Protein chains: 2
Amino acid sequence: MTPMKEDYLKIIFELGGTHKKVSNKQIALSLNVAAGSVTEMISKMTEEGLAVHVPYSGISLTKKGVRAAEELVRKHRLWEVFLVEKLGYSLADIHDEAEQLEHVTSDRMINALDEMLGNPTHCPHGGIIPDRSGHYHEDSHQVLNDAKDGDIVTVDRFIDNHDLLTYLGELKLDIGDQVKVLKHDPFEGPVTVQNLTDDTELIVSYKAAHYVFVK
Amino acid sequence: MTPMKEDYLKIIFELGGTHKKVSNKQIALSLNVAAGSVTEMISKMTEEGLAVHVPYSGISLTKKGVRAAEELVRKHRLWEVFLVEKLGYSLADIHDEAEQLEHVTSDRMINALDEMLGNPTHCPHGGIIPDRSGHYHEDSHQVLNDAKDGDIVTVDRFIDNHDLLTYLGELKLDIGDQVKVLKHDPFEGPVTVQNLTDDTELIVSYKAAHYVFVK
DNA sequence: CAATATTTTTTGGTTCGCCAAAAAAATGCA
DNA sequence: TGCATTTTTTTGGCGAACCAAAAAATATTG
Ligand SMILES: [Fe+2]
Ligand SMILES: [Fe+2]
Ligand SMILES: [Fe+2]
Ligand SMILES: [Fe+2]
C-alpha cells in the first residue's frame with residue numbers, strides 16, 4: 001500500500017464507489033492525473049483485491065477496499081480534530097496537513113489519538129468519523145441550495161475544500177448557525193440567507209450553496 | 001526534498017557530518033542501501049547545496065544542510081515526546097513512528113506541537129531537542145563502558161535503537177537511574193553495574209554499554 | 001614497494017508512478 | 001442507422017530511487 005494508492009482508494013470511496021460504479025474520468029479529474037494513469041493504478045488495485053473493474057464500464061470497491069477506505073477517512077478526520085482542538089488550527093488549514101498525516105498513521109496510533117481526543121464523532125467540517133470497526137454513515141444530505149425560500153435550517157456540514165472554507169470564513173457562516181433562506185436568484189445566481197445567529201444577511205454563491213449541508 | 005533525501009541528511013548529521021567527513025560506507029550501512037545508491041543520492045544533494053562531496057574522500061554537510069538536518073531532528077524528537085506523553089507509548093515503540101511523522105510535518109505544525117507539549121528540551125531517550133532556530137548541542141559524551149570500576153554515574157541518554165531499548169527495558173535500566181560500576185569483563189565482555197535506584201545488579205553487554213550515555 | 005584488500009564510483013538494469021498521443025470502444029444525436 | 005464526439009485503454013517513454021556487478025581509486029601490509 002502506497003500513499004497514492006491510498007488516495008485513489010479514498011477518492012473512489014468518496015465518489016460513491018461503495019454502492020455504484022465510478023468512472024475513470026471522475027477519478028482522473030479529482031486526483032489531477034491523466035486518464036491513462038488511472039487505468040494503470042486501477043488494474044493494480046484490482047489485482048490486490050481492493051477494487052472491481054469492468055473495462056469501459058466503471059470502477060467500484062470490494063469489501064476489502066471499502067474497509068481500507070473507511071480506515072483512511074477515520075485517520076484523516078481524527079487528525080483534523082487534533083489540529084483544531086490541540087494545535088489551534090483554523091478550519092481552512094487542516095485538510096492539507098491531515099492529507100499527509102493520514103498516510104503515516106498506524107492503527108495503534110490512530111486508536112490512541114482517538115482516545116486522547118475523547119472519541120469525537122464528527123470532524124471539524126461536520127463529517128462523520130468512522131469508528132474503530134469502520135462503521136460510517138454520512139447523515140445530512142440536503143444541500144443549502146435545495147432549501148426553499150422561507151425555510152429555516154441549521155448548517156451541518158461543509159465539503160472540506162480549502163477555497164470553499166476560506167470563502168465561507170469570510171462570509172462568517174459556521175457549522176451550527178441557524179439561517180433563514182430569503183431568495184434564490186435565477187440562472188444559477190446566488191442564494192440570499194439571513195444568519196439568525198448574528199442577524200446578518202449573506203449572499204452565498206450558487207456553487208458554494210451546493211457544498212453546504214443543512215438540516 | 002523527499003523523505004529519503006531527508007533520511008540521508010539526518011544520518012550524515014548524526015554520523016558527524018557537521019564537523020568531519022563521513023564515508024560512503026558508513027552511510028550505506030546506516031541506511032541499508034547499496035554503496036552505489038549513496039554516491040548517486042549524494043551527488044544530488046551536492047547539486048542542491050546541502051552537502052559537500054570530495055570523491056573518494058568523504059561527505060560533509062553545508063550550513064544549509066546542517067540547518068535542514070537540525071529541523072528534522074527537532075521534528076523527530078518532538079513527535080517522540082508527543083507519543084510518550086500524549087498517546088501513552090513506551091520508549092521502545094516511538095522511534096519508528098516518529099521516523100514517518102517527521103517527513104510530513106510543516107514548520108507551523110511542529111511549532112504548534114512544541115508549544116502544546118510545553119517546549120520540552122529533551123526527547124524520551126534523553127537527546128536534546130533543537131529549538132526553533134535550530135540550536136542543538138548534545139551534552140553527554142561519556143559512555144557507560146568508559147566509566148571506571150567503582151564510579152557512580154547517572155544514566156543520561158540512550159541511542160534510540162529499538163532492539164537496544166527493548167534490551168534495556170528487560171534489564172530495567174532507565175534514564176535518571178544512578179548506577180555504581182562494579183567490573184568490566186575482559187575481551188569485550190559485559191559490564192556489571194549495581195542499580196542504586198532499586199538496588200539490583202545488572203550485567204550489561206559490551207556493545208550496549210557503548211550506547212548508554214552517563215554523567 | 002608491490003600485491004592484496006577495501007572502498008568508491010560507474011555502468012547497466014529494475015520497478016513505480018506519471019505523462020502524451022494513438023487506438024479502440026461506447027455514447028449521443030441527426 | 002450512421003457519423004461524430006467522448007471516454008477509455010494501450011503504447012511508448014520519462015524521472016526517481018533502488019540494486020548488482022564491473023572498474024577505478026585508495027589503503028593496508030608483508
Ligand atoms: Fe479533510
Ligand atoms: Fe491523502
Ligand atoms: Fe528516534
Ligand atoms: Fe525519517
Side-chain angles (χ1 to χ4, degrees), chain A residues 1-17 20-62 65 68-69 72 96 99-100 102-104, chain B residues 1-17 20-62 65 68-69 72 96 99-100 102-104:
Chain A
M1 188 61 80
T2 152
M4 272 325 283
K5 213 175 283 176
E6 292 186 338
D7 281 343
Y8 275 89
L9 206 52
K10 221 176 44 158
I11 223 68
I12 298 168
F13 179 82
E14 280 161 10
L15 292 172
K20 62 174 193 248
K21 278 188 284 192
V22 171
S23 76
N24 178 312
K25 196 176 191 205
Q26 276 181 289
I27 299 171
L29 244 43
S30 308
L31 290 176
N32 274 304
V33 294
S37 307
V38 174
T39 306
E40 194 179 334
M41 186 76 253
I42 294 305
S43 89
K44 277 178 209 152
M45 290 172 61
T46 299
E47 276 167 32
E48 289 171 49
L50 295 166
V52 180
H53 181 205
V54 183
Y56 289 107
S57 160
I59 296 125
S60 56
L61 297 179
T62 61
L72 281 162
D96 292 353
E99 194 61 37
Q100 300 291 120
E102 66 187 12
H103 302 294
V104 296
Chain B
M1 189 59 81
T2 151
M4 271 326 282
K5 214 175 282 176
E6 291 185 339
D7 281 342
Y8 275 90
L9 205 52
K10 221 177 43 157
I11 221 69
I12 298 168
F13 180 82
E14 281 161 8
L15 291 172
K20 63 172 193 251
K21 277 188 284 191
V22 171
S23 75
N24 178 310
K25 198 180 188 201
Q26 276 180 289
I27 299 171
L29 244 43
S30 309
L31 291 176
N32 274 304
V33 294
S37 307
V38 173
T39 305
E40 194 179 334
M41 185 77 253
I42 294 305
S43 89
K44 279 177 207 151
M45 291 174 60
T46 299
E47 277 167 30
E48 289 170 50
L50 295 166
V52 180
H53 181 204
V54 183
Y56 289 105
S57 160
I59 297 126
S60 55
L61 296 179
T62 61
L72 282 162
D96 292 353
E99 195 61 39
Q100 300 292 120
E102 66 187 13
H103 302 293
V104 295

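Quick note on labels: first sequence line is chain A, next is B, and so on, each numbered from 1. Everything numeric here is computed off the predicted structure, so don't read it as measured data.
In this structure K5(A) satisfies the salt bridge (charged side-chain N to carboxylate O under 4.0 Å, His left out) test together with E48(A), sequence neighbours excluded. Evaluation of the side chain to side chain contact (heavy atoms under 4.5 Å, CB included) rule for S43(A) yields no partner, not counting sequence neighbours. Listed by chain and residue number, S57(A) satisfy the side chain to side chain donor-acceptor pair (under 3.5 Å) test with K21(A) (two or more places apart in sequence, or in another chain). By the side chain to side chain contact (heavy atoms under 4.5 Å, CB included) test, V104(A) pairs with Q100(B), L101(B), V104(B), sequence neighbours left out. Not counting sequence neighbours, the partners of E99(A) by the salt bridge (charged side-chain N to carboxylate O under 4.0 Å, His left out) test are K10(A).
Of all the residues in residues 49-58 of chain A, H53(A), P55(A), Y56(A) reach under 4.0 Å from DNA chain D with at least one non-hydrogen atom.
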message = Generate the contact string for nucleotides 15-22 of chain C. Rules: B means base contact, S means sugar-phosphate contact only, - means no protein heavy atom under 4.0 Å.
response = --BBB---
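The salt bridge (charged side-chain N to carboxylate O under 4.0 Å, His left out) analysis of residues 28-38 of chain B, with sequence neighbours excluded, yields no pairs. Listed by first and then second residue, the salt bridge (charged side-chain N to carboxylate O under 4.0 Å, His left out) pairs that reach into residues 28-40 of chain A come to none, sequence neighbours excluded.
Here dT26(D) presents its C1' atom at 13 Å from CG of N24(B), a figure rounded to the nearest Å. For the pair E6(B) CD and dA17(D) P, the computed distance is 11 Å after rounding to whole Å. Rounded to whole Å, the distance from NZ on K21(A) to P on dT8(D) is 12 Å. Residue M1(B) contributes atom CE, which lies 15 Å from atom C1' of dA16(D) at whole-angstrom precision. The distance between atom CG of L31(B) and atom C1' of dC19(D), rounded to the nearest whole Å, is 15 Å. The interatomic distance linking L29(B) (CG) with dT8(C) (P) rounds to 10 Å, in whole Å. Put simply, CG on D7(B) is 13 Å from C1' on dA17(D), counting in whole angstrom units.
Listed for the T62(A) side chain is a donor-acceptor partner under 3.5 Å among the backbone atoms of L50(A).
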